[in-house]
Amino acid sequence: MKFGEERVDDAEGLILAHSLRLPAAMLKKGRVLTAADVTMLRAAGINFVTGARLEAGDLGENAAAELLGAALAGSGVRCNQPFSGRCTLLAATPGVVAIDRDRLDRLNSVDEAVTVSTVPPYEVVAPRQILATVKIIPFGVDRRVIEACAAFATMGGPLIAVHPFRPLKAALVLTTLPGLKPATLTAAAAATRARIAALGGTVAWEWQCPHEVGAVERTIARALAAGAGLVLIAGASATVDRRDVVPAAIVKAGGAIDHFGMPVDPGNLLLLAHIGTAPVVNLPGCGRSPKPNGLDWVLRRLAAGLPVRPADIMRMGAGGLLKEVHPVDERILQPREPRVAAVVLAAGRSARMGGNKMLAELGGKPLVARAVEAALGAGLAPVVVVTGWQADEVEEALPACDVLAVRNPDFAEGMAGSLARGLAALPADVDAALIQLADMPRVTSGHLLRLKAAFDPDEGRAICVPTFGGRRGNPVLFAREFFGEMESLSGDTGARRLLADHAERVCEVAMDDDSVLADIDTPADLEAERGRE
C-alpha cells in the first residue's frame with residue numbers, strides 16, 4: 001500500500017486519510033475520492049491531500065476485516081458488516097464463549113496491521129453481546145498477511161465459539177451437623193438455585209442428610225437414580241482433604257475425584273468429581289453466598305457442556321482473584337434487542353401526481369400499504385404512519401394490522417412537521433427509527449433489514465443511510481439521540497441536514513439495487529413502475 005501526500009489534481013481514487021469539512025460537503029476519512037470530490041477540493045482552495053492507494057495483492061481494510069472475521073467465527077457467533085476496517089463478532093445465542101487464547105496470541109503476532117481483541121475466555125454471554133473485534137489498522141493490508149491470520153483462526157477448529165447452555169437438572173445435597181443454623185441451609189439453597197437458574201438450568205431436587213460418609217453416599221445415589229445430570233454438595237463443614245467426608249462418600253458411591261482445590265479466591269476449596277457421566281461438585285464454603293467465586297467459573301462450563309479438566313482448573317489463576325465482581329444475572333439469558341420503529345411519511349399533497357399518490361395502486365396494492373407491509377416484514381415496531389392530505393382515505397388504505405396512524409393537520413407546511421409528529425408518537429423505549437417515504441414502492445423488507453442490522457451506535461453506526469452506486473438514498477435510520485434535532489426541523493427539508501452535521505456517526509450501507517433511489521412523483525413514474533412489475 002502506498003501512503004502519502006498527493007496533489008489534488010492527481011487525487012482521484014485516493015483513499016482519504018483525514019476527514020475534511022468543505023463548504024459544499026463533508027469528506028470522511030476512508031472515502032475514495034471521485035472526480036467530483038477533486039473539483040470540490042479545488043474550489044475550497046486545497047492543493048494537497050494525504051491518503052493511501054492499494055497496490056496489487058492488497059486487500060482494502062473492510063474486505064480484510066470481513067475475511068478474517070468470517071474465519072474467526074465458530075458456532076453461535078455471527079459477524080457484523082465491516083465498517084472503517086472494523087468487523088465485530090457477536091453472540092447469536094446465550095451461553096459460554098470459548099476462545100483459544102494460544103492461537104489468538106499467535107494471530108496477533110503475525111503483523112501489526114491486524115489486531116483481534118476479545119472478551120475473556122469462558123465468559124457468560126448474551127445474544128448480540130460483542131465477543132470480539134477485528135481491526136485492520138491501515139487502509140489496506142497484503143492479502144498474504146490476512147491469509148496467514150485466517151489460518152491461525154481456523155487451524156484446529158474455530159478460534160471463537162459460543163456453546164449454548166443445556167437445560168441441566170441438578171440435585172442439591174445439603175449436609176448437616178449439630179448446631180448448624182437452619183438459616184445457613186436456606187441461604188445456601190437459595191444461592192445455588194439462583195446460580196443454576198442464571199445458567200438456564202433448574203435445581204430439581206433438594207435433600208438434607210447428616211455430614212457422614214454413609215449418609216452422603218446414599219443421598220448421592222438417590223440423586224443419580226432420580227435422573228440428576230449434575231450433583232451439587234454443600235457440606236456443613238468445609239472439605240480439607242481428598243479423603244475427607246464428602247470426597248470419600250463420592251468414591252464410595254462409585255465416583256472418581258478429578259481435582260481438589262483451585263487458584264481462584266474465593267473458591268479455593270472446590271472439589272470436582274464425576275460418577276459415570278454426571279459431574280459432582282463439592283461446593284466451597286463461599287458457594288453459600290451469591291457473590292462471584294470459583295464455583296461460578298466451573299458451573300458455567302458444565303452448563304454449556306464444556307469439559308473441565310484438572311489442567312483447565314489449574315490455569316484459572318490469572319484473573320482468579322475475584323474482587324468487586326458482579327454475579328451473573330439470569331436476565332442475561334433474555335437481553336433486550338435494540339428496538340427499531342418505522343415512521344412512514346404519507347401526508348403530502350402529491351402536487352405533481354394529479355391525485356393522491358399514496359392511494360395509487362401498484363401490484364394491486366396502494367403505495368402506502370406496500371410501504372407499511374415492508375416495515376412490518378422487517379420486524380419494525382411500532383409502525384407509525386403520518387397522514388395529512390385526504391387522511392381518511394389514506395388511513396382506510398392501510399393494511400388491517402397493528403399500525404398507528406398519526407395525523408398532521410399542517411401537512412402543507414412541509415415534511416418536517418410530519419416527521420416531528422411521527423417521532424413524538426414513538427414509545428420511550430424505542431432505540432431508533434427508520435424514516436420511510438411511502439412513495440418508494442421498490443424498497444422491501446430486505447432493504448430495511450439490512451439497515452437495521454447495520455445499526456450499532458457504540459460502533460459509530462448511529463445513522464444508517466442506504467447507497468447504490470455511491471449515491472445516498474432512502475429510507476434512513478436514526479438513533480434516538482437525534483430525535484430532538486429532527487423534531488426541531490422546519491419546512492420541507494427533512495432530516496438530511498443531520499447527515500452532514502453528524503458525518504462521523506453516519507454509516508453508508510451499500511445496497512444491491514437502485515430501489516433506494518427510486519420514488520414515484522408523476523403519473524409517468526407510476527406507469528414506468530407498473531411496467532417493471
task: Kindly determine whether H447 and R442 satisfy side chain to side chain contact (heavy atoms under 4.5 Å, CB included), including the steps that lead there.
output: CA-CA 9 Å; H447 297 103; R442 280 195 257 154; 5.9 Å; no

message: Pair R53, L14 - check side chain to side chain contact (heavy atoms under 4.5 Å, CB included), show working.
response: CA-CA 6 Å; R53 292 187 186 274; L14 188 73; 3.8 Å; yes

field: Stepwise side chain to side chain contact (heavy atoms under 4.5 Å, CB included) test for F483 and L426
entry: CA-CA 10 Å; F483 286 7; L426 298 179; 3.9 Å; yes

message: Between L89 and T118, does the side chain to side chain contact (heavy atoms under 4.5 Å, CB included) criterion hold? Intermediate values first, please.
response: CA-CA 9 Å; L89 277 63; T118 75; over 6 Å; no

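For the pair P138/F3, no side-chain contact is recorded, criterion being any heavy-atom separation below 4.5 Å from C-beta on. For the pair L104 and D100, the minimum side-chain heavy-atom distance is 4.5 Å or more. In this structure the side chain of F48 never reaches within 4.5 angstrom of the side chain of E6, judged on heavy atoms. Counting heavy atoms from C-beta outward, I99 and E123 have side chains that stay 4.5 Å or more apart. By the 4.5 Å heavy-atom criterion applied to side chains, D525 and D439 are not counted as neighbours. Using a 4.5 Å heavy-atom threshold, the side chains of M358 and E393 count as separate. Between L448 and P475 there is a side-chain heavy-atom pair separated by less than 4.5 Å. Under the 4.5 Å side-chain criterion, counting only non-hydrogen atoms from C-beta, P523 is in contact with M353.
Using a cutoff of 4.0 Å between basic side-chain nitrogens and carboxylate oxygens, D392 and R407 are scored as salt-bridged. In summary, R86 and D456 do not engage in a salt bridge, as defined by a charged side-chain N under 4.0 Å from a carboxylate O. Electrostatic pairing of R370 and E373 does not count as a salt bridge here, judged by no charged N lying under 4.0 Å from a carboxylate O. Between R421 and D410, at least one side-chain N (NZ, or NE/NH1/NH2) sits under 4.0 Å from a carboxylate O, which counts as a salt bridge.
For the residue pair V368 and A397, the shortest heavy atom distance occurs at CG1-CB, 4.1 Å. Considering every non-hydrogen atom in both A453 and N80, the closest pair reads O-OD1, 4.0 Å. When all heavy atoms of R103 and M155 are compared, the pair lying nearest together is NH1-O, 2.7 Å. Shown here for V430 and A381, the closest heavy-atom pair between the two residues is CG2-O, 4.4 Å. Nearest heavy atom pair, residue G422 against residue V386, reads CA-CG2, 3.7 Å. Heavy atoms only, all atoms of each residue included: T93 and P164 are closest at OG1-CB, 4.0 Å.
Judged purely by atom type and a 3.5 angstrom limit, D37 uses its side chain to pair as donor or acceptor with the backbone of T34. Between the side chain of R78 and the backbone N or O of A92 there is no donor-acceptor pair closer than 3.5 Å. One N or O on the side chain of D58 and one on the backbone of M1 form a donor-acceptor pair closer than 3.5 Å. A donor-acceptor pair under 3.5 Å is absent between the side-chain atoms of R195 and the main chain of D296, judged by distance alone. Side chain of S445 to backbone of A374: a donor-acceptor contact under 3.5 angstrom is found. Side-chain atoms of D105 never come within 3.5 Å of backbone atoms of D102 as a donor-acceptor pair (strictly under, hydrogens ignored). In terms of modelled atom types and a separation under 3.5 Å, the side chain of N62 and the main chain of G85 share a donor-acceptor contact. Between the side chain of D431 and the main chain of V340, no donor-acceptor pair closer than 3.5 Å is present.
For the atom pair CD1 (I520) and NZ (K357), the distance works out to 8.0 Å, reported to the nearest 0.5 Å. Taken to the nearest 0.5 Å, the CZ atom of R101 stands 11.5 Å off from the CG atom of L159. Rounding to the nearest 0.5 Å places CG of L131 at 6.5 Å from CG of L90. If you take NZ on K452 and CG on L380, they are separated by 5.5 Å, rounding to the nearest 0.5 Å. In this structure, the separation between CG on N108 and OG1 on T115 is 6.5 Å, given to the nearest 0.5 Å. Q390 CD to R349 CZ: the interatomic distance, rounded to the nearest 0.5 Å, is 10.0 Å.
Relative to the six-membered ring of Y122, R300 misses at least one condition, a distance below 6.0 Å or an angle of at most 45° to the axis.
Neither side chain, E508 nor T467, offers a donor N or O lying under 3.5 Å from an acceptor on the other.
The number of heavy atoms from other shown groups lying within 6.0 Å of NZ (K29) does not exceed 12. Counting heavy atoms of neighbouring residues, nucleotides and ligands inside a 6.0 Å radius, atom NZ of K135 exceeds 12 of them. Heavy-atom contacts from other residues, nucleotides or ligands closer than 6.0 Å to CD of E396 number 12 or fewer. Heavy atoms from other residues, nucleotides or ligands lying under 6.0 Å from CG of D402 number 12 at most. Summarising the local packing, CD of E112 is surrounded by 12 or fewer heavy atoms from other residues, nucleotides or ligands at distances under 6.0 Å.
Scored by the side-chain contact (heavy atoms from CB on, under 4.5 Å) test, T39 finds R42 as partners (sequence neighbours excluded). Partners of L59 under the side-chain contact (heavy atoms from CB on, under 4.5 Å) rule, at least two apart in sequence or in another chain, are A63, A64, L67, R143, I146.
For the pairing with V385, the side-chain contact (heavy atoms from CB on, under 4.5 Å) check across L398, V343, L345 returns one residue only, L398.
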